[in-house]
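For reference, the structure discussed in these notes is given below.
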Amino acid sequence: MKRKKKNQGITALKSRYGRMFTLPWLIGMIIFFIIPLFEAVRFSFSEVTIVPGGIEKKFIGFANYKEILFSNPDYTDIVSSAITAFLYQLPIILLLSMVLAILLNQKFLGRTFFRALYFLPVIIASGPVLSLLFFSSSSDLSNLGASESISTSLISVDEIVADLGISGGAASYITTMISRIFDLIWNCGIQIVLFLAGLQSIPSTLYEASRVEGATKWEEFWFITFPMLSEVTVLVGVFTMVQLITNDRSRIITLLYNNINSAVYDTTSAMAWFYFLVSGGIMAFILFCYSYFAGKRWKA
Amino acid sequence: MEKSKLLKQGYRLRKIIYAIFRLLVLCAIGYIILYPLLHSLSVSFQSRDSLFASTRIWVPTDLDIKNNYTAAWKSLDYGEAFLYTCIYQLAAAVIQIVTCAIAAYGFARFEFKGKKLMMLLLFVSIIVPDMIVLIPRVVTYSQLDFLGILGLFKKLSGVDLRPNIINTGWTYWLPALFGVGLRSGILIYIYIQFFKGLPKELEEAAWVDGAGPIRTFLQIAVPSSRVVILTVSVFSVIWHWNDWLLCGIYLKNCFPLAIKVRDMLYYIGQAYGIGPDIHTPQTAAYMMAGCVLFVVPVLIIYIIIQRWFIESIDRVGITG
């Protein structure tokens, strides 16, 4: 009886300590995240005017959303291109970074060099430099002002495709695809790091056992590496999705940034919320599908 | 006997072919990573004449390093911008390394009511793009108020005490102090994963010996988490160093490096009276020099710590 009481005392104490450690974060979260989040909803439903000493809000219903979706010529275009980019880049980035991580996990001469090289995007890609680098390595300088996406054309690619005798639509398709590879590979930095960490946490005894049983490399990959990486894959997937949605080189983020800086708060809130709802919805759908199918598969 | 020898040879041949194939793939993709960097370095070294020449060469013979780099340095106002980067962004990064650890320790070690809800909140904060909360934040920062207390005071007495922290370092330091700064959700998540993997026994022994939770945290948990602190520091510092979005929104005239590099064309135009946003081969050389100047500090840090960083990544257990 006495002992039980003491135990309860410890749990109560521990839960108090837990709250003590997390309280500052919770307060910060409320002030800097939850309140602004709902405030943004209110902004998106009101007409916000700037008056001396603050702002004034007037409720106007869905008018902001109507404006951005039906009257604004650019917004829907930009959102749909952002979403398509998101959808095709996600699987490519996942696959590419997984393959590269597997290659970098093997033992060979110069591995340290290659690892250091492949981690370089981690420190550079999130900064402003990358778009400038792409910008400068793009084709002739007169073309620069016209190209809207950052890495539309690269010197050598244009020339090579022209030399091969391909022209017109096909040529432009090939050049854009090739130049997008730059963007894709530069987006793989942290993913490779995470996959590599995941690969190293797979116990080597599994591989030893499978080698004794005579499994081929191919079987090893499908029956050990791939399933053991499933948790990491979810993590990397979530991270990649967040990274793609909030990529500050994308046109949508640039648009929002410019609008905030010109103090257009109401329609920008609507734009940000609509974009987040669409992209977040797709994210949730992907995660749901994954957990549904993966759950089924591993149970069977 | 013959057959097994042949088989062995075939196996070795396959291995060699695979090794060559692997090297080719790694080199090809490595080239894609290096290409823009080398290109910018090459351009930043070239003189005006060789930039305007119709033939392009990788290793420039006609060097003009001094001119390009002094121009970039001057138009970026590098010294001052670097100082702003340090006192605004890097200070926030350092604060964040500490505060996120504290919050994560609470999550990882203790059970309490509402923890699940708070973890959900953490996950949501990782997913929601900063852009949404930035808009109201700009408005609140121009009249900072904690939970409406000062606003109420204004209503009652008519005196507006709400400070305007836009264009000051507090826009960075304040969220960082609460552990909700730039991408802090991910940092807390990394910490939690690591703390969960730490053996509890040591801390329990400290408990038994009468150490309080703060002492246990400082003297037991922190010293054994050097690995994770390194990882989190690298991410926190690099993300802050690279971030231009928040500076562009929070700050109005004292700009850190990142935003200056982003709008470098404008600053070059301003410094040399070319007119804003005019792109010539010469400005391209200045711009590339600026990029090199921007990347070099983080690159040096990276080269110094990369050996430990790569090792620590495996040991942190981010991957659960």
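Note that this is a predicted model, so its numbers are computed, not measured.
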Revision key, fill the gap. Per-residue tally against chain A (heavy atom, under 4.5 Å) across B/V295, B/L122, B/I126 peaks at B/L122
Review point. What part of A/M271 gets closer than 4.5 Å to chain B, counting heavy atoms only: side chain, backbone, both or neither?
Key: neither
Review point. By salt bridge (charged side-chain N to carboxylate O under 4.0 Å, His left out), which residues pair with B/K115, not counting sequence neighbours?
Key: B/E111
Practice item. Name the region of A/I190, side chain, backbone, both or neither, that has any atom closer than 4.5 Å to a heavy atom of chain B. Key: side chain
Review point. Is the number of heavy atoms from other residues, nucleotides or ligands within 6.0 Å of OH (B/Y18) greater than 12?
Key: yes
Review point. Given a strict heavy-atom distance threshold of 4.5 Å, which part of A/T233 is in contact with chain B: side chain, backbone, both, or neither?
Key: neither
Check your understanding: Given that the side chain runs from C-beta out, which part of A/L37 has a heavy atom under 4.5 Å from chain B: side chain, backbone, both or neither?
Key -> both
Check your understanding: Under 3.5 Å, is there a donor-acceptor pair linking the side chains of A/Y17 and B/R109?
Key -> no
Exercise for review: Find the one option among B/S184, B/S125, B/G179, B/G181 whose heavy-atom pairs under 4.5 Å with chain A are most numerous.
Suggested key: B/S125
Check your understanding: Any idea which of A/I123, A/L117, A/T246 has the most non-hydrogen atom pairs under 4.5 angstrom with chain B?
Key -> A/I123
Review point. Is chain B contacted by the side chain of A/I34, its backbone, both, or neither, given a heavy-atom distance below 4.5 Å?
Key: side chain
Practice item. With a 4.5 angstrom heavy-atom cut-off, could you sort out which part of A/L103 is near chain B: side chain, backbone, both or neither? Key: both
Revision key, fill the gap. If one checks every heavy atom of A/W186 against chain B at 4.5 Å, the contacting part turns out to be side chain
Review point. Which of the residues A/Y265, A/F239, A/Y118 is involved in the greatest number of heavy-atom pairs with chain B at under 4.5 angstrom?
Key: A/Y118
Review point. Quick one: of A/E39, A/R16, A/Q106, A/M20, who has the most non-hydrogen atom pairs under 4.5 Å with chain B?
Key: A/Q106
Revision key, fill the gap. So, the part of A/L23 with a heavy atom under 4.5 Å from chain B: the answer is neither
